[in-house]
Amino acid sequence: MTEVVEKVQTAEAARFGSYGRSANTRRASLLSCRTSELDIGYEVSGPTDGRPLVLVHGWPDDISCWDKVIETLDNRNFRIYAPYLRGSGPTRFLQSSVMRSGAIAALTLDLSQFLEVLNLNDVLLAGYDWGARAGYGVAALFRKRVTSLVAASAGYATAMSPTEMPYDLAKSYWYEWFVSTTQGEKAYRQERRRLCKYLWESWSPRWPERDAEFDAMATSLDNPDWAEISLHAYRQRWHDAKGAPEHEDVERRLAESPSIAVPTLMLQGADDGDNLPITSEGKEKYFTAGYERRLLPDVGHFVPREAPQAFARAILDLSR
């Protein structure tokens with residue numbers, strides 16, 4: 001669990017390769033590292049002696065969501081790591097026999113092992129959507145390497161019985177229940193670009209370059225494990241599937257909504273059409289080292305793409 005392979009290239013060159021990237025001229029490297037289950041592809045940029053900043057993308061998305069945030073942070077002395085989640089881009093499983101779990105416990109373990117393999121300490125961790133959920137998990141259960149957290153587009157401790165759920169929220173989560181139907185499974189497996197483009201269009205107000213950004217990101221959806229992981233993520237979340245047996249301990253601990261003892265800033269789009277603003281309200285009681293929720297007007301679900309300045313500002317506020 002210690003192997004790191006480096007494939008050095010400029011970010012500008014990388015975006016013309018297998019995985020699309022938006023245009024900027026910063027220098028970056030594309031690397032990979034091995035955890036217990038994965039060969040994780042990730043991009044790294046910034047000075048080698050900079051403070052570690054780990055950026056974890058959401059679903060359905062990839063690391064290109066961070067381009068504008070990183071541009072805004074230029075010359076701020078961060079060493080920036082942006083891993084591809086399981087099922088995204090170049091990240092691959094080491095063995096075909098490993099369960100393609102999309103559970104939050106799996107994402108949490110992936111991220112904690114990523115920090116461990118790269119021996120990153122004093123980490124400022126930032127993520128949105130699935131990346132935020134992984135960040136919460138690591139900050140709650142594996143916090144020794146993490147000093148602060150920025151989370152967006154997903155509140156903490158959001159488990160809710162469908163019988164208590166407002167129907168507006170149930171309507172927003174249609175795609176999570178769609179996976180339990182034959183037609184839904186077919187859509188995730190065979191029509192993923194059409195499905196994901198509709199989610200991009202319905203979860204946020206339109207932002208400049210949205211369609212071009214989607215087209216650049218969409219190659220990451222071609223990962224051979226994307227459909228299996230996505231289907232499992234939502235079946236398991238609604239108790240229609242079990243998690244991986246080897247993740248059971250982390251799953252159980254996360255289900256208890258453990259407190260988070262690092263300073264945390266949460267960014268919520270006021271117009272998020274997926275995780276509605278009500279899902280991130282009233283979470284202060286879970287945070288013992290300081291917590292602030294910032295509601296962003298005219299911003300939807302894809303916060304780092306729609307409001308990169310606000311995301312960068314949150315990172316800088318915590319870095320101080």
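It should be emphasised that the depicted structure is a prediction, and the values quoted were computed from it without experimental measurement.
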(request) Determine, using the 4.5 Å side-chain heavy-atom cutoff (strictly less than), whether L295 and F311 are members of one ILVMFWY cluster. (result) no
(request) May I ask you to decide if P60's main-chain N or O and W200's side chain share a donor-acceptor pair within less than 3.5 Å? (result) yes
(request) Can you establish whether the number of heavy atoms outside E209 located under 6.0 Å from its atom CD is more than 12? (result) no
(message) Keeping Y136 on the side-chain end and A154 on the backbone end, is there a donor-acceptor pair under 3.5 Å?
(response) yes
(request) Examine L31 and L94 and state if one hydrophobic cluster contains both, with Ile, Leu, Val, Met, Phe, Trp and Tyr joined whenever side-chain heavy atoms are less than 4.5 Å apart. (result) no
(message) Between D249 and R253 (salt bridge meaning N to carboxylate O under 4.0 Å), is one present in this structure?
(response) yes
(request) Taking only Lys NZ, Arg NE, NH1 and NH2, and the carboxylate oxygens of Asp or Glu, determine whether D39 and R92 approach each other closer than 4.0 Å. (result) no
(request) For the pair Y156 and Y286, name the ring-plane relationship: parallel under 30°, tilted 30 to 60°, perpendicular over 60°. (result) perpendicular
(request) Give a yes or no on whether the backbone of A157 and the side-chain of K283 come within a donor-acceptor separation of less than 3.5 Å. (result) yes
(message) When you measure from the side chain of N223 to the backbone of T91, do you find a donor-acceptor pair of N or O atoms at a distance under 3.5 Å?
(response) yes
(request) Identify the heavy atoms of R193 and T219 that sit nearest to each other, and give their distance. (result) NH2-CA, 3.8 Å
(request) Go through the steps for E213 and R305 under the test salt bridge (charged side-chain N to carboxylate O under 4.0 Å, His left out), then give the verdict. (result) CA-CA 9 Å; E213 289 181 24; R305 293 185 181 276; 2.9 Å; yes
(request) Verify the cluster assignment for W203 and Y198: are they in a single hydrophobic cluster under the rule of side-chain heavy atoms below 4.5 Å apart? (result) yes
(request) Look at the side chain of T72 and the backbone N and O of Q309, then say whether any donor-acceptor pair between them is shorter than 3.5 Å. (result) no
(message) Given 3.5 Å as the limit, does a donor-acceptor pair link the side chain of S88 with the main chain of Y84, or not?
(response) no
(message) Quiz question: by atom type and distance under 3.5 Å, do the side chains of R293 and T264 form a donor-acceptor pair?
(response) no
(message) Is there a path of hydrophobic side-chain contacts, each under 4.5 Å between heavy atoms of I/L/V/M/F/W/Y residues, joining I229 to F178?
(response) yes
(message) According to a hydrophobic-cluster definition based on side-chain heavy atoms being under 4.5 Å apart (Ile, Leu, Val, Met, Phe, Trp, Tyr only), do Y167 and M165 belong together?
(response) no
(request) Answer yes or no for R86 and F93: cation-pi contact, defined as NZ/CZ to six-membered ring centre under 6.0 Å and angle to ring axis within 45°. (result) no
(request) With R235 as reference, evaluate E176, E185, E228 under the salt bridge (Lys or Arg N to Asp or Glu O under 4.0 Å) test and give the passing residue. (result) E185
(message) Please check: side-chain N/O of R192 versus main-chain N/O of R189, any donor-acceptor pairing under 3.5 Å?
(response) yes
(request) May I ask you to check whether S153 and Q268 show a side-chain donor-acceptor distance below 3.5 Å? (result) no
(request) Decide whether Q113 and S36 meet the rule of one side-chain donor and one side-chain acceptor closer than 3.5 Å. (result) yes
(message) Once rounded to the nearest 0.5 Å, what's the spacing between atom CE of M266 and atom CD of E284?
(response) 11.0 Å
(message) Check R294 with E292, please: is the shortest side-chain N to carboxylate O separation under 4.0 Å?
(response) yes
(message) Other residues, nucleotides and ligands only: do more than 12 of their heavy atoms fall within 6.0 Å of CZ on R76?
(response) no
(request) Specify whether Y291 and F287 have parallel, tilted or perpendicular ring planes, treating 30° as the upper limit for parallel and 60° as the lower limit for perpendicular. (result) parallel
(message) Could you check, using the six-membered ring where one of them is a Trp, whether Y234 and Y173 have ring centers closer than 6.0 angstrom?
(response) no
(message) Between T158 and T279 (side chain of the first, backbone of the second, donor and acceptor by atom type, cut-off under 3.5 Å), is there such a pair?
(response) no
(request) Taking the six-membered ring for Trp and the single ring otherwise, decide whether the centroids of Y175 and Y188 are under 6.0 Å apart. (result) no
(request) Using atom types as modelled and distance alone, determine if a side-chain donor or acceptor of H232 lies under 3.5 Å from a backbone N or O of G102. (result) yes
(request) Return yes if some donor-acceptor pair links the side-chain N/O of H57 with the main-chain N/O of S64 below 3.5 Å, else return no. (result) no
(message) Check this for me, if you would: do E116 and R145 make a salt bridge, where the nitrogen-to-carboxylate-oxygen distance has to be below 4.0 angstrom?
(response) no
